[in-house]
Engineer: 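I have a structure I would like to understand better, so I am pasting it below and will then ask my questions one at a time.
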2 protein chains.
Amino acid sequence: MSNRILLVEDDLALGQQVVDTLSQAGFDPHWVQDGDAARGLNPDDYRVIVLDLMLPGTYGMDLLKRYRTKSEVPVLILSARDDTADKIRGLKLGADDYVTKPFFPEELVARIQACVRRPNLVGTERIIVGAIQIDLERREVTTSDGTLSLTPVEFEILGLLARRKGSAVTRDALVDAALDTAHDNSRRTLDVHISRLRGKLRSDAAQLETVWGIGYRLSEGS
Amino acid sequence: MSNRILLVEDDLALGQQVVDTLSQAGFDPHWVQDGDAARGLNPDDYRVIVLDLMLPGTYGMDLLKRYRTKSEVPVLILSARDDTADKIRGLKLGADDYVTKPFFPEELVARIQACVRRPNLVGTERIIVGAIQIDLERREVTTSDGTLSLTPVEFEILGLLARRKGSAVTRDALVDAALDTAHDNSRRTLDVHISRLRGKLRSDAAQLETVWGIGYRLSEGS
DNA sequence: CCCGGCGTTAAGGCTCGCGTAAGGTCCGAG
DNA sequence: CTCGGACCTTACGCGAGCCTTAACGCCGGG
């Protein structure tokens, strides 16, 4: 991963300006003008995502929520209104910063650099929770019983649970992340995948606990 | 490390306000009024440092530089002037965020939580009242007897009481927040849940006191 | 064309939480 | 002190939420 930055911004003049500034600062900006286009992109392809809240198509907040269920990528919100309630909502949803227009491009760059500087990128692509090790890149999972191979859906589920390790994750979030969201009935499907996952985890299955009425949680067995 | 936060702020009224807000949000603020006092402290003792730039004694920027050479602690700058040059300078020096006065205390809290969320693990959405710790994200409650698992309704009740910790909360408010409001007869239902909660809280049950004729209150066991 | 892998659906059984009832206890007013 | 209402606790049945097994349909490769 290089210095690629995703900019979601519908204002043409402003977008161009930001792109120029970012390029000049050594980043590699990737600019999309509309929320629906941004929807299909993989957040993990970018170092930072700069997101305008007021967008045609998908509303910015939805995008943020969507990215957050899939990834840990830093998201920086760009907004026309200097609305405190909005700010709080955005930051609560996991945004890393919030900049209101108008702003000086240099400020935006400085804030992006502040995001990137954070020490989280150390243990990249590999998550260890208890006896379970998940290599997101190699798509490989090791437990105390040895390496085991998961199906794509199973891997997505385990991956999301691992990224949120320790926290209770909603059934909806899991369904949204791992299953084809087209047919959203039959939430029993998730049960089956969880069941199979537990079966494969064998002696470490206890780490995948169900949170009644909410969803599931992957915890360190400790 | 707990939720200790260092606040460096010379304005007495504002400082007190921030301290109150932070406490209420479950943090443990530690307030010093002057830069020279802050100079001797070990930044690693804190989860986040909130730093006013305009200080008597050591100038705020110097403090920031000093902290940065010693530690990776997130620093959030508080400043009276909305000066872009200052912002950029602060962020370049390694500050994680920059808030200009006047601001709403809730915004500050949200930004602090965004900072804290980074290094993974705890810190978000956690309320501590007496010996009871409530992690809203993990949906987990810890008491002096250890971790205990609550049902959704019990968790909602305890959560609301914790958010309003110290204040009496109406029965109606609790019923409204936690129970399926469809059939609101049988107000005895809430009693049962409270009872069960007390049962699970065991030795900390005393913190959940009855306010006769009103409702309940969750207090620090003092 | 068959076969194995995978996602999905269906169905039965089970656990668990919720609400209600019933009897006891505590509190405050008169 | 007494009475009534507010509150606490225990017990229990129902239904929701969950787990598992089994079987179906959709691909891909052999």
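Residue numbers start from 1 in every chain, and the chains themselves are labelled A, B, ... in the order their sequence lines are given, proteins ahead of strands. Computed from a predicted structure; not experimentally measured.
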Engineer: Tell me: NZ of B:K200 to P of D:dC8, nearest whole Å?
Structural biologist: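 For the pair B:K200 NZ and D:dC8 P, the rounded distance is 17 Å.
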Engineer: Are A:Y216 and A:L218 close enough, and set up right, to give a side-chain contact (heavy atoms from CB on, under 4.5 Å), and what steps lead you there?
Structural biologist: CA-CA 7 Å; A:Y216 300 91; A:L218 191 66; over 6 Å; no
Engineer: Hey, does A:Q133 have a side-chain heavy atom less than 4.5 Å from the side chain of A:V141?
Structural biologist: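 A:V141 does not reach A:Q133 side chain to side chain.
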Engineer: Taking the minimum atom-to-atom distance to the side chain of A:T210, which one of D:dT20, D:dC18, C:dC18 wins?
Structural biologist: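 Between D:dT20, D:dC18, C:dC18, the one nearest the side chain of A:T210 would be D:dC18.
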Engineer: What is the nucleic acid contact for B:G199, judged by heavy atoms within less than 4.0 Å: base, sugar-phosphate only, or nothing?
Structural biologist: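 B:G199: no heavy atom of the nucleic acid under 4.0 Å.
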Engineer: To the nearest Å, how far apart are B:I157 CD1 and C:dG19 P?
Structural biologist: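 It works out to 9 Å between those atoms.
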Engineer: Under 4.0 Å between a side-chain N or O of A:Y216 and OP1 or OP2 of D:dC19?
Structural biologist: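 Yes, such a contact exists.
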Engineer: Can you measure B:I194 atom CD1 to C:dG19 atom C1' for me and round it to whole angstrom units?
Structural biologist: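 So the CD1-C1' distance, B:I194 to C:dG19, works out to 15 Å.
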Engineer: Please state whether the phosphate of D:dC19, meaning OP1 or OP2, lies under 4.0 angstrom from any side-chain nitrogen or oxygen of A:S195.
Structural biologist: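 So the side chain of A:S195 is outside the cut-off, no N or O lying under 4.0 Å from OP1 or OP2 of D:dC19.
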Engineer: Tell me, with the steps shown, if A:E209 and A:R198 meet salt bridge (Lys or Arg N to Asp or Glu O under 4.0 Å).
Structural biologist: CA-CA 10 Å; A:E209 27 185 313; A:R198 289 208 246 243; over 6 Å; no
Engineer: Return the value, rounded to whole Å, for the distance between atom NE2 of A:H193 and atom P of D:dT21.
Structural biologist: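 In whole Å, D:dT21 P and A:H193 NE2 are 16 Å from each other.
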Engineer: Grab the CZ-C1' distance between B:R196 and D:dC8 for me, whole Å please.
Structural biologist: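 Distance check: B:R196 CZ to D:dC8 C1' gives 13 Å.
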Engineer: B:K165 and B:E220: salt bridge (Lys or Arg N to Asp or Glu O under 4.0 Å), yes or no, with the steps?
Structural biologist: CA-CA 8 Å; B:K165 71 173 177 179; B:E220 326 254 349; 3.4 Å; yes
Engineer: Could you tell me how far apart B:D191 (CG) and C:dG24 (P) are, to the nearest whole angstrom?
Structural biologist: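 Whole-Å distance recorded here is 17 Å.
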Engineer: Closest to the A:W212 side chain: D:dT10, D:dG17, D:dT20?
Structural biologist: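 Side chain of A:W212 sits closest to D:dG17.
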Engineer: Rounded to whole angstrom units, what separation is found between the CD1 atom of A:I214 and the C1' atom of D:dA16?
Structural biologist: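 That distance rounds to 14 Å.
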Engineer: Could you check how far CG of B:L174 sits from P of D:dC7, rounded to whole Å?
Structural biologist: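 Checked: the CG to P distance equals 12 Å.
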Engineer: Under the side-chain contact (heavy atoms from CB on, under 4.5 Å) criterion, do B:R47 and B:F27 qualify, and how do the steps go?
Structural biologist: CA-CA 10 Å; B:R47 196 63 164 277; B:F27 292 105; 5.7 Å; no
Engineer: Heavy atoms from C-beta onward define the side chain here; which of C:dT8, D:dT9, C:dA11 lies closest to that of A:R188?
Structural biologist: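 For the A:R188 side chain, the nearest candidate turns out to be C:dA11.
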Engineer: Side chain of B:T189, heavy atoms from C-beta onward: which of C:dC18, C:dG19, D:dC7 has the nearest atom to it?
Structural biologist: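 The nucleotide sitting nearest to the side chain is C:dG19.
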Engineer: When you get a sec, tell me which of C:dC6, D:dC18, C:dG17 is the closest nucleotide to the side chain of A:T151?
Structural biologist: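 When the side chain of A:T151 is considered, C:dC6 is the closest of C:dC6, D:dC18, C:dG17.
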Engineer: Which is true for B:V192 with a 4.0 Å heavy-atom rule: it touches a base, it touches only sugar-phosphate, or it touches nothing?
Structural biologist: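 Since a base atom lies under 4.0 Å of B:V192, the category is base.
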